Amino acid sequence: MIEAWKTTQRIKNGEDTSVEVVERVFENIKKHEKNVNAYITLEKEKALNQARKIDKAIKNGEDPGPLAGVPIGIKDSISTAGMKTTCGSKTLQNYIPPYDAYTVQQIKEAGGIVIGKTNCDEFCMGSTTETSYFGETRNPLNPDLVPGGSSGGSAAAVSYGGASIALGSDTGGSVRCPAAFCSVVGLKPTYGSVSRHGLVAYGSSLDQIGPITQDVKDAALTYDVISGNDPQDPTSNTTKQNHLQNLEPDPDVTLGIPKQLQEGVDPEIKQKTNEKIDKLRDLGAETKRIDIPSLEYALPAYCIISMSEASSNLARYDGVRYGHRSKSNEDWNTEFSKTRAESFGDEVKRRIILGTYALSAGYYDRYYNKALKIRNLLTKEFKQTFKEVDALISPTMPYKPFEIGEKINDPLSLYMGDALNVPVNMVGNPSITIPTNKNEPIGIQIIGDHHQEQKILNIAKAMEETK
Amino acid sequence: MANEKITEEEVESISSFARISLDDDEIEDLVPQLNEILDYFDKIDEADTEGVEPLFGVHGKKNVFRDDDVGESMSQETALQNAEKTEDGYFKSPRVRD
Amino acid sequence: MTEVDTTIGLEVHIQLNTETKLFCSCSTNYRESPPNTHTCPTCLGLPGTLPKLNKKVVKYGVMAGYALNCEIANEMHFHRKNYFYPDLAKGFQITQYDKPIAKNGEIKLKNDKKIRIRRIQIEEDPGRLVHPISSRYTYTDYNRSGMPLLEIVTEPDLSTPQEARELLNKIREILEYLQIFDGSLEGSLRCDANISIEGGGRAEVKNISSYKGAEKALQYELTRQKNLLRRNKEVKRETRHFNEEQEITRSSRSKEEEHNYRYFPEPDIPNIHITKKLKQQAKQDLPELPDEKRERFIKQYKITTDQAKSLTQTIKWANYYEETAKHTKPETAATWIADVLKGELNYRDKTIHQNKITPKQMAEIVNKLNNDKITEKGATKIIRTMLDNGGTPQEIIKQKNLETIEKDQVQQAIKQAIEENPEAVKDYHNGKQEAINYLVGQVMKITKGKAKPDETNKLITKTLEENA
């Protein structure tokens with residue numbers, strides 16, 4: 001599979017056509033999908049029509065944009081006009097949005113070809129893509145293993161060549177975890193730098209859309225396309241920038257290694273990530289062990305915040321305006337309750353109940369408000385830390401992909417697996433994960449200060465080039 | 001379970017707030033799981049947050065407004081297209097008792 | 001029934017008359033439209049949509065705060081109020097909680113009693129439900145979903161249902177003055193009321209949707225509670241629904257969850273700092289309020305206090321009067337608008353919206369009257385005809401032959417009356433004053449009522465004295 005930046009160049013140069021590229025991707029899909037199940041929806045005809053338009057435009061001497069002709073998978077938590085958007089849930093199995101998410105608009109305007117919607121944990125709640133109503137996605141590197149989640153479909157598709165790039169969404173690691181497990185690159189941008197307009201909300205104050213790509217250069221390219229100011233998202237806080245143009249390997253940095261993000265990490269992962277860090281040190285990077293005390297509370301605080309917000313965000317699924325509706329035909333209270341009981345899977349129910357509990361009268365201060373205070377502490381500590389270092393570095397996941405079904409009945413242990421990922425969502429900082437080695441399901445993440453995507457992309461680029 | 005944080009009755013009442021009907025078996029399964037998770041949440045009690053303000057947004061924005069200019073609405077057909085039950089331009093919701 | 005202490009507090013919801021909804025750019029002009037034609041992904045609560053705050057609503061909120069003598073917040077925030085109902089598109093309502101836009105205000109009633117305003121908050125209106133009796137379903141129309149509301153919460157300072165109604169009217173009057181509210185629109189004002197009497201629990205009455213309804217609901221509730229206490233029964237603390245048609249309140253099974261809305265700060269809307277600049281802008285746009293206007297009218301136009309009160313009751317009447325007064329003598333205009341025009345409309349059960357007489361036409365009528373071109377009777381006739389059938393004053397004067405006649409024509413008629421009634425002339429010279437009245441009547445007959453009685457009286461007397 002050829003990287004997107006190369007693919008679009010070849011299409012523009014006439015060495016290749018978008019139609020052929022799309023056809024090849026669908027051949028890959030045909031070959032792998034039955035084992036992997038990365039997609040919920042595929043739209044080959046629509047994709048080919050789009051590809052023909054791009055090819056024609058190029059023939060006419062036009063420049064269709066930075067993603068011209070590139071086949072792209074969109075996580076099914078992101079709205080696509082006229083294309084089913086299920087968010088991995090039974091409730092939305094027939095839902096067709098009347099509008100495109102900002103990121104999808106941007107991809108289309110940049111000449112990208114949306115080929116389908118990728119599988120994910122139901123409402124993005126999970127880190128294995130096993131909670132999807134449409135069946136689990138399997139790890140293309142080894143189909144017995146989970147691909148990570150919740151953007152497992154996106155990572156798997158990019159990993160096996162089912163898309164040049166894919167969009168994921170990351171509330172507490174949902175881009176980075178599957179990227180690590182499927183050995184691809186994943187970027188969780190600064191909160192607010194990519195519009196959430198059209199992203200099915202899970203934890204509103206944590207959610208962020210990010211690219212899953214084959215390499216760092218593609219991450220920069222895709223990030224440039226999907227980021228920018230969007231008046232449809234009041235928390236949108238950046239303008240369009242050109243990270244791709246400014247992308248250059250930069251090993252000459254000070255990296256902080258937070259000791260809390262080393263705890264409980266599998267020794268093999270520690271070793272592989274340390275090797276990677278050592279290679280960067282050989283190129284001139286300095287490292288520093290640092291202490292961010294509130295990281296200790298980040299995971300439980302994150303769980304409380306995300307579940308509380310989710311309990312509210314998922315209240316709209318009552319079956320009246322859209323979504324699954326129970327056939328019960330009873331009074332509204334009973335019917336709503338049955339509709340929702342039938343609509344949601346166990347993990348979603350569990351989180352809604354926990355979130356409802358944490359916001360309830362008498363518990364609000366103890367849980368939600370306390371978690372928000374920890375969030376403030378953590379934010380302050382991160383700010384302080386970035387006065388001393390250029391970036392933080394840590395393993396992306398504490399363990400390697402495990403077998404399908406192995407942990408699904410142990411929710412708490414799955415939550416614990418997000419420990420290294422959730423802190424950046426709490427504080428809004430950007431983070432990029434890259435594979436330690438080709439086809440190795442281990443990721444190393446580089447965390448930057450707010451809006452320092454360029455810096456972490458440049459560090460990641462330097463690291464990527466070390467072999 | 002000793003010292004349980006959340007009882008079956010509470011789970012029942014919370015699921016009723018959340019409009020998710022659960023049968024007895026589901027509740028029975030949920031209670032120990034929820035208690036285990038809530039026990040873990042207790043870790044936050046250890047954090048010293050004396051004098052710390054709650055922070056509910058990390059976007060750094062304030063005063064984001066829209067001008068009062070009318071835009072296009074959707075057609076009735078588009079508005080209703082995803083609903084299972086509609087009639088005469090209305091969504092049909094379950095009967096609300098007075 | 002003995003008098004008992006009654007405590008009433010109101011939560012008044014009023015729709016602001018912005019062009020667009022609170023969080024999306026759908027038009028607010030939905031009332032005549034088919035259901036679900038004023039919606040977009042945002043106000044329909046589709047997955048992935050975010051609220052985009054209408055700046056004008058904030059400005060209107062600040063204006064209302066000032067007009068109701070409130071402290072305006074320096075910083076405000078929105079919260080989510082979580083509950084389920086089929087009219088609520090997102091399963092939560094975006095409203096305000098611990099940081100509302102304004103608080104601690106007051107409104108004065110006619111008798112100078114002060115009613116304290118606890119808070120004013122901005123929130124979104126849910127959709128509208130229709131419950132056909134014949135159907136197993138409830139029908140939902142989200143055209144109203146996301147309409148901007150101000151909720152004005154009073155302290156329990158009201159003592160009678162009449163005061164509650166007066167307060168509602170007062171709020172309407174003030175907000176209409178600000179031109180941020182149109183009380184004539186169906187459903188634009190709704191309220192909930194808390195009412196309790198000494199020794200009883202507090203009832204919260206919901207679903208009141210008119211000024212009259214508020215008084216009726218509270219009156220019913222007051223009687224109900226008094227009767228319970230008289231029979232030594234407990235008045236329960238509960239929520240009751242007002243049935244507008246039957247004019248009664250009914251207990252609505254109160255649920256625990258009504259007190260468990262799980263409020264939390266809305267993460268999708270950044271904090272709002274109500275800056276000095278924003279406050280200044282709102283203040284600049286703050287028009288003259290009813291009390292100030294009344295005083296100015298009395299001074300500027302030299303009209304009576306009663307007239308000024310009547311003319312400043314609504315901003316529309318005040319503007320109508322001032323526009324009329326520009327083109328004619330203000331004192332006469334005040335009499336004819338406050339006493340005659342308003343009375344005639346009232347008699348026809350019409351409001352100023354159905355007034356077919358423009359201020360210019362009204363001024364024309366008053367001018368003609370002042371210049372003796374028409375009589376008072378004629379002026380009244382013109383007004384009535386215009387209200388009933390339309391037309392212009394000039395047309396009606398012509399059609400109904402209402403123009404007063406010239407002095408020499410009156411003289412001519414007097415001459416004729418004197419000649420034709422020598423008996424009456426004799427009687428007059430013999431000291432019978434009533435004879436004059438008879439002669440005036442004759443003149444009116446000859447002129448078909450166009451002569452002015454007073455003037456005719458004077459002229460006859462003068463003629464008879466001259467010929468004596």
Side-chain angles (χ1 to χ4, degrees), chain A residues 77-79 85 87 91-92 95 97-99 101-102 123 192 195-201 203-207 230-237 305 308-309 311-318 320-323 329 332-333 335-337 340 355-364 368-369 372, chain C residues 23-25 36 39-55 78-94 97-98 127 129 131 136-142 145 253 255-272:
Chain A
S77 60
I78 301 171
S79 302
T85 298
C87 215
T91 188
L92 293 179
Y95 170 68
Y99 74 103
Y102 173 83
F123 287 107
S195 167
R196 288 179 295 125
H197 173 69
L199 171 65
V200 180
S204 308
S205 72
L206 303 154
D207 296 340
D230 177 17
Q232 299 167 107
D233 177 355
T235 60
S236 174
N237 60 12
I305 292 170
S308 298
E309 291 178 3
S311 73
S312 171
N313 284 328
L314 270 64
R316 68 190 63 198
Y317 303 102
D318 59 12
V320 173
R321 294 159 302 284
Y322 45 82
N329 263 326
W332 70 278
N333 261 327
E335 189 173 318
F336 275 12
S337 301
R340 291 164 59 77
T356 306
Y357 178 77
L359 287 175
S360 288
Y363 295 105
Y364 180 85
Y368 191 70
N369 213 35
L372 291 183
Chain C
F23 296 122
C24 65
S25 55
N36 298 304
T39 70
C40 69
T42 302
C43 58
L44 212 50
L46 296 191
T49 51
L50 301 166
K52 295 155 283 279
L53 178 61
N54 186 339
K55 187 170 189 179
F78 287 93
H79 268 66
R80 290 188 186 179
K81 179 180 181 178
N82 294 283
Y83 67 96
F84 286 90
Y85 213 62
D87 60 8
L88 199 59
K90 300 187 293 295
F92 58 83
Q93 181 193 31
I94 302 179
Y97 186 58
D98 57 356
L129 298 180
H131 317 269
R136 282 190 300 121
Y137 295 98
T138 290
Y139 291 69
T140 321
D141 170 13
Y142 292 97
S145 172
R253 281 158 304 132
K255 290 201 189 67
E256 192 189 340
E257 66 190 84
E258 286 190 1
H259 308 287
N260 198 351
Y261 288 121
R262 287 162 283 130
Y263 283 100
F264 74 101
E266 169 56 84
D268 289 328
I269 305 177
N271 250 349
I272 291 119

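This one's a predicted model, so the numbers in the text were calculated from it and none came from an experiment. Quick note on labels: first sequence line is chain A, next is B, and so on, each numbered from 1.
- Taking the side chain as every heavy atom from C-beta outward, A:Pro97 and C:Leu46 never approach each other to under 4.5 Å.
- In this structure, the portion of C:Leu88 lying under 4.5 Å from any heavy atom of chain A is its backbone and not its side chain.
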>> Set out, in order, the CA-CA distance, both residues' side-chain angles and the distance that settles side-chain contact (heavy atoms from CB on, under 4.5 Å) for C:Glu266 and A:Ser205, then state yes or no.
In response: CA-CA 9 Å; C:Glu266 169 56 84; A:Ser205 72; over 6 Å; no
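- Although no hydrogens or angles enter the test, the distance criterion places a donor-acceptor pair under 3.5 Å between the side chain of C:Asn260 and the main chain of A:Ala361.
- A side-chain N or O of A:Arg321 and one of C:Tyr142 form a donor-acceptor pair less than 3.5 Å apart.
- Between chain C and the residues A:Thr356, A:Val320, A:Asn369, the most heavy-atom pairs under 4.5 angstrom are made by A:Thr356.
- Aromatic ring centroids of A:Trp332 and C:Phe84 lie 6.0 Å or more apart.
- Of the two parts of A:Pro231, only the backbone, made up of N, CA, C and O, holds a non-hydrogen atom closer than 4.5 Å to a non-hydrogen atom of chain C.
- Atom CG of A:Asp233 sits about 7.5 Å away from atom CG of C:Asp268, to the nearest 0.5 Å.
- For chain A, the nearby part of C:Pro41 is the side chain; its heavy atoms alone come within less than 4.5 Å.
- Atom OH in C:Tyr85 sits 13.0 Å away from atom CG in A:Asp318 (nearest 0.5 Å).
- Contact of the A:Leu359 side chain with the C:Tyr261 side chain is not registered, since no non-hydrogen atoms from C-beta on lie closer than 4.5 Å.
- Under the 4.5 Å side-chain criterion, counting only non-hydrogen atoms from C-beta, A:Phe336 is in contact with C:Pro86.
- The choice from A:Gln232, A:Arg316, A:Glu309 that makes the most heavy-atom pairs within less than 4.5 Å of chain C is A:Arg316.
- Contact between C:Gly48 and A:Tyr99 at its shortest, heavy atoms only, is C-OH, 3.2 Å.
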> Given A:Tyr368 and C:Phe264, is the ring-ring contact (aromatic ring centres under 6.0 Å, His included) satisfied, shown in steps?
Replying inline: CA-CA 9 Å; A:Tyr368 191 70; C:Phe264 74 101; 5.5 Å; yes
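- Of the two parts of A:Arg196, the backbone and the side chain both hold a non-hydrogen atom closer than 4.5 Å to a non-hydrogen atom of chain C.
- Residues A:Tyr322 and C:Leu44 are not in side-chain contact: their nearest non-hydrogen atoms beyond the backbone lie 4.5 Å or more apart.
- With a 6.0 Å radius and a threshold of 12 heavy atoms from other residues, nucleotides or ligands, C:Tyr263 has its OH atom above the threshold.
- At a 4.5 Å heavy-atom cutoff, the contact between A:Asn313 and chain C is made by backbone and side-chain atoms alike.
- A:Asp230 CG to C:Lys52 NZ: the interatomic distance, rounded to the nearest 0.5 Å, is 8.5 Å.
- In this structure the side chain of C:Arg262 never reaches within 4.5 angstrom of the side chain of A:Ser312, judged on heavy atoms.
- Taking every heavy atom of both residues into account, A:Tyr317 and C:Pro47 meet most closely at OH-CB, 3.5 Å.
- Proximity to chain C is limited to the side chain of A:Tyr95, based on heavy atoms less than 4.5 angstrom apart.
- The contact between A:Val200 and chain C is made by backbone and side chain atoms together, counting heavy-atom distances below 4.5 Å.
- Between A:Pro234 and C:Pro270, the closest heavy-atom pair is O-CG, 3.4 Å.
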